[in-house]
Amino acid sequence: MSKTINVQITIDAVGVANAYPNPSKDQNNPTGIGHQYGFMVATSNTMSGSGTGDLEFSANVGDTVRFFAVSASNNFEDSVLLYGITRYSGDNVFGPFSSLTFTKNGVSPSGPSVLPAHIGSQQFWFYQSSVTNAGTEGYRIVFALYERDPNGNPTLFGYYQWDPTIQVRG
């Protein structure tokens, strides 16, 4: 039976900006980052590396994989916008990735007391693909990093990438 595997990515935006202060401004040529600046957790099938930049998880042909990305401040201060996932080595296990955005009711605190929860319209987005073949694929995750200017508006800081792995059972 096919299932959906969710992968939450959290980027240490402050660490990335400090370690790579002059990033690429060309979205087609992002600056590579060390694996210590990205942290991933999968909802199921984790093989190793949960909570690190080297997550390995397994999936079955026919499964759907969704990637979500935020900064460590949950995009409140610095923001991360995932804009691509592509194969760079190994087997070709994913079909094409696409960015999807959905608007549906979500849950947020109702105020200082938090509960009862406020239920209201929110946007949810992720990158999604179907697993089409068995094998091991190295893939490249690319994202834009935004910092706030003195007026509090997000401005592009630069484009970055790094390279996790997926293993798919037949």
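What you see below is based on every heavy atom in this structure, not just the backbone, and it leaves out hydrogens, waters and symmetry mates.
- Residues satisfying the side-chain hydrogen bond (donor to acceptor under 3.5 Å, both in side chains) test with Asn6, not counting sequence neighbours, are none.
- In this structure a side-chain-to-backbone donor-acceptor pair under 3.5 Å is present from Asp63 to Asn60.
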Begin from the C-alpha positions of Val7 and Phe68 and carry the test side-chain contact (heavy atoms from CB on, under 4.5 Å) through to its verdict.
-> CA-CA 6 Å; Val7 179; Phe68 310 78; 5.9 Å; no
What donor-acceptor contacts under 3.5 angstrom involve side-chain atoms of residues 13-23, with partners at least two apart or in another chain?
| from | atom 1 | to | atom 2 | distance (Å) |
| --- | --- | --- | --- | --- |
| Asn18 | ND2 | Val14 | O | 3.3 |
| Tyr20 | OH | Gly34 | N | 3.0 |

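- For the residue pair Tyr83 and Tyr127, the shortest heavy atom distance occurs at O-OH, 2.7 Å.
- With a 4.5 Å cut-off on side-chain heavy atoms, Asp163 and His35 count as touching.
- Heavy atoms only, all atoms of each residue included: Phe124 and Gln122 are closest at CZ-OE1, 3.1 Å.
- Between the side chain of Arg87 and the backbone N or O of Gly90, at least one donor-acceptor pair lies under 3.5 Å.
- For the atom pair CZ of Phe39 and CD of Gln8, the computed distance is 12.5 Å after rounding to the nearest 0.5 Å.
- With Ser24 contributing its side chain and Asp26 its backbone, the two residues share a donor-acceptor pair below 3.5 Å.
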Verdict with reasoning, Ile9 to Val70, per side-chain contact (heavy atoms from CB on, under 4.5 Å) | CA-CA 6 Å; Ile9 301 168; Val70 296; over 6 Å; no
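- Remark: Arg66 CZ to Ser129 OG distance equals 12.0 Å, nearest 0.5 Å.
- To the nearest 0.5 angstrom, Tyr139 atom OH is 11.0 Å from Ser89 atom OG.
- Of the possible polar contacts, none joining the Tyr146 side chain to the Asn153 backbone as a donor-acceptor pair under 3.5 Å is found.
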Under 3.5 Å, which donor-acceptor pairs link side chains of residues 92-113 to any protein atom two or more places apart or in another chain?
| from | atom 1 | to | atom 2 | distance (Å) |
| --- | --- | --- | --- | --- |
| Ser110 | OG | Val114 | O | 3.2 |
| Ser110 | OG | Pro116 | O | 2.6 |
| Ser113 | OG | Leu115 | O | 3.2 |

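- Dense packing is recorded around OH of Tyr88, with more than 12 heavy atoms of other residues, nucleotides or ligands lying under 6.0 Å away.
- Between Phe157 and Glu147, the shortest heavy-atom contact is CD1-OE1, 3.1 Å.
- A donor-acceptor contact shorter than 3.5 Å is absent between the side chain of Asn74 and the backbone of Phe76.
- In terms of heavy atoms, Leu82 sits closest to Phe143 at CA-CB, 4.1 Å.
- Distance alone, capped at 3.5 Å, is enough to place a donor-acceptor pair between the Asn75 side chain and the Val80 backbone.
- Here the closest non-hydrogen pair linking Gly51 and Val41 is N-CG2, 4.0 Å.
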Might you work through the side-chain contact (heavy atoms from CB on, under 4.5 Å) test for Gln36 and Asp12, ending with a clear yes or no?
-> CA-CA 9 Å; Gln36 70 270 31; Asp12 175 0; over 6 Å; no
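- What you find for Ile5 and Ala42 is that their closest heavy atoms are CG2-CB, 4.4 Å.
- Rounding to the nearest 0.5 Å gives a distance of 9.5 Å between OG1 of Thr86 and CD1 of Ile141.
- Rounded to the nearest 0.5 Å, atoms CD (Gln128) and CD1 (Ile85) are 10.5 Å apart.
- Under 3.5 Å, the side chains of Ser71 and Ser73 contain a donor-acceptor pair of N or O atoms.
- The distance from the CH2 atom of Trp162 to the OG1 atom of Thr31 is 14.5 Å, given to the nearest 0.5 Å.
- Within the 4.5 Å cutoff, the side chain of Ser50 has no heavy atoms near those of the Met40 side chain.
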